[in-house]
Amino acid sequence: MTPTPTLPPPTRRPRRWLLPTLAAAAAAGGLVLFQPWKLWVDKTVNEAAPVAAAAAPVGPTSSAAPSTAAPSTAAPSTALPSTAATAVAPATVPPTTVPPTTVPATTIPATTVPAPPAEPAATELRSKAHDTSGTVRLLVLDDGSRVLRIENLSTENGPDVKVVLSTDPDGYAASGAVNLGTLKGNKGSQNYAVPADLDLSTLRSVVIWCKRFNVDFGVAALPGT
């Protein structure tokens, strides 16, 4: 009996389409992650400054009732008509004068509404990983709320950039950092609410920080520190 010849296993052809597909997927993922187009696209946001609290003094006031004088009253004179038989001289009652009554003026003492704490001096942003400039202010509003305001900001755009209060005077520090929110625009003037219960005594700086790559764009001293 003639043995059946054994055929070699079929040779798999390389899937030439697979490598370009993987490369394209990796490139797309990289674009989503890095968002490189933001390096050439500026986002300008200009918000009006909130109205800060101001002292409201109330000046002295006085009120005086006008002087009133009772009009003079005089009883009319009465005369009996003369007759042919009798002539009676008219009787005259002297007028009675009521002295004027004056109510003394009352002065209300001046009262002053206590002024809110003075606004701390503004601080300047300085560059870190990217050229950054602008002014940082800490505003206290009439209702006692606080707003961190960044004015005339100019920095680079990037993915996932935050405005952070840091315990480190020179940049972002993970321990004790407070995130005030995503940077609204890399150009312009913007407001960021400060939590009402936040103790600012432990914080030292305001940082424009890229969370995705852990990079400081710029930093400024926290006003009042």
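Counting only heavy atoms from C-beta outward, the side chains of Leu138 and Thr123 never approach each other to under 4.5 Å. With a 4.5 Å cut-off on side-chain heavy atoms, Asp168 and Val207 do not count as touching. The shortest side-chain heavy-atom distance between Val163 and Val206 falls under the 4.5 Å cut-off. A 4.5 Å side-chain heavy-atom check between Leu125 and Leu153 finds at least one atom pair inside the cut-off. Looking at heavy atoms from C-beta onward, Lys187 lies out of side-chain contact with Lys43 at the 4.5 angstrom threshold. Using a 4.5 Å heavy-atom cutoff, the side chains of Val147 and Val194 are not in contact.
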#### Entry: Chi angles and distances behind the side chain to side chain contact (heavy atoms under 4.5 Å, CB included) call for Leu165, Leu222
CA-CA 8 Å; Leu165 302 182; Leu222 179 64; 4.0 Å; yes
### Query
Can you list the steps and then say if Arg204 with Thr167 is a side chain to side chain contact (heavy atoms under 4.5 Å, CB included)?
CA-CA 5 Å; Arg204 293 292 176 266; Thr167 55; 5.7 Å; no
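The heavy-atom pair separating Pro169 from Ser205 by the smallest distance is O-CB, 3.8 Å. Shown here for Pro159 and Arg212, the closest heavy-atom pair between the two residues is CB-NH1, 3.5 Å. Ser145 and Asp143 get closest at one heavy-atom pair: OG-OD1, 2.6 Å. Closest non-hydrogen pair, Gly224 versus Pro120, comes out as N-CB, 3.5 Å. Listed here is the closest heavy atom pair of Pro223 and Ala121: CB-O, 3.5 Å. Counting all heavy atoms, side chain and backbone alike, Val164 lies closest to Ala177 at CG1-CB, 3.9 Å.
More than 12 heavy atoms of other shown residues, nucleotides or ligands fall within 6.0 angstrom of atom NZ in Lys162.
With values rounded to the nearest 0.5 angstrom, Thr225 atom OG1 is found 9.0 Å from Leu203 atom CG. The distance from atom OH of Tyr172 to atom CG of Asn179, rounded to the nearest 0.5 Å, is 8.0 Å. Here NE2 of His130 is found 10.0 Å from CG of Asn157. Values are rounded to the nearest 0.5 Å.
With Glu119 contributing its side chain and Leu139 its backbone, the two residues share no donor-acceptor pair below 3.5 Å. Proximity of a side-chain donor or acceptor of Arg146 to a complementary backbone N or O of Leu198 within less than 3.5 Å is detected. Between the side chain of Ser166 and the backbone N or O of Ala173, at least one donor-acceptor pair lies under 3.5 Å. Using a distance-only test at 3.5 Å, with no hydrogens or angles considered, a donor-acceptor pair links the side chain of Arg149 to the main chain of Glu47. In this structure a side-chain-to-backbone donor-acceptor pair under 3.5 Å is missing from Arg137 to Ile150.
Remark: the Trp209 side chain and the Asn214 side chain contain an N/O donor-acceptor pair separated by less than 3.5 Å.
Taken together through direct or relayed side-chain contacts under 4.5 Å among Ile, Leu, Val, Met, Phe, Trp and Tyr, Ile208 and Phe213 form part of one hydrophobic cluster. Note on Leu180 and Val136: same hydrophobic cluster, where clusters join Ile, Leu, Val, Met, Phe, Trp and Tyr whose side-chain heavy atoms are under 4.5 Å apart, directly or indirectly.
When each of Thr155, Thr132, Asp42 is paired with Asn186, the side-chain hydrogen bond (donor to acceptor under 3.5 Å, both in side chains) condition holds for Asp42 and for no other.
Listed by first and then second residue, the side chain to side chain donor-acceptor pair (under 3.5 Å) pairs that reach into residues 192-203 are Gln190-Tyr192, Asp199-Ser201, sequence neighbours excluded.
Here Asn46 pairs with Thr44, Ser189 under the side chain to side chain contact (heavy atoms under 4.5 Å, CB included) rule; sequence neighbours left out. Lys128 meets the side chain to side chain contact (heavy atoms under 4.5 Å, CB included) test with Asp170, Asp216, Val219; sequence neighbours excluded.
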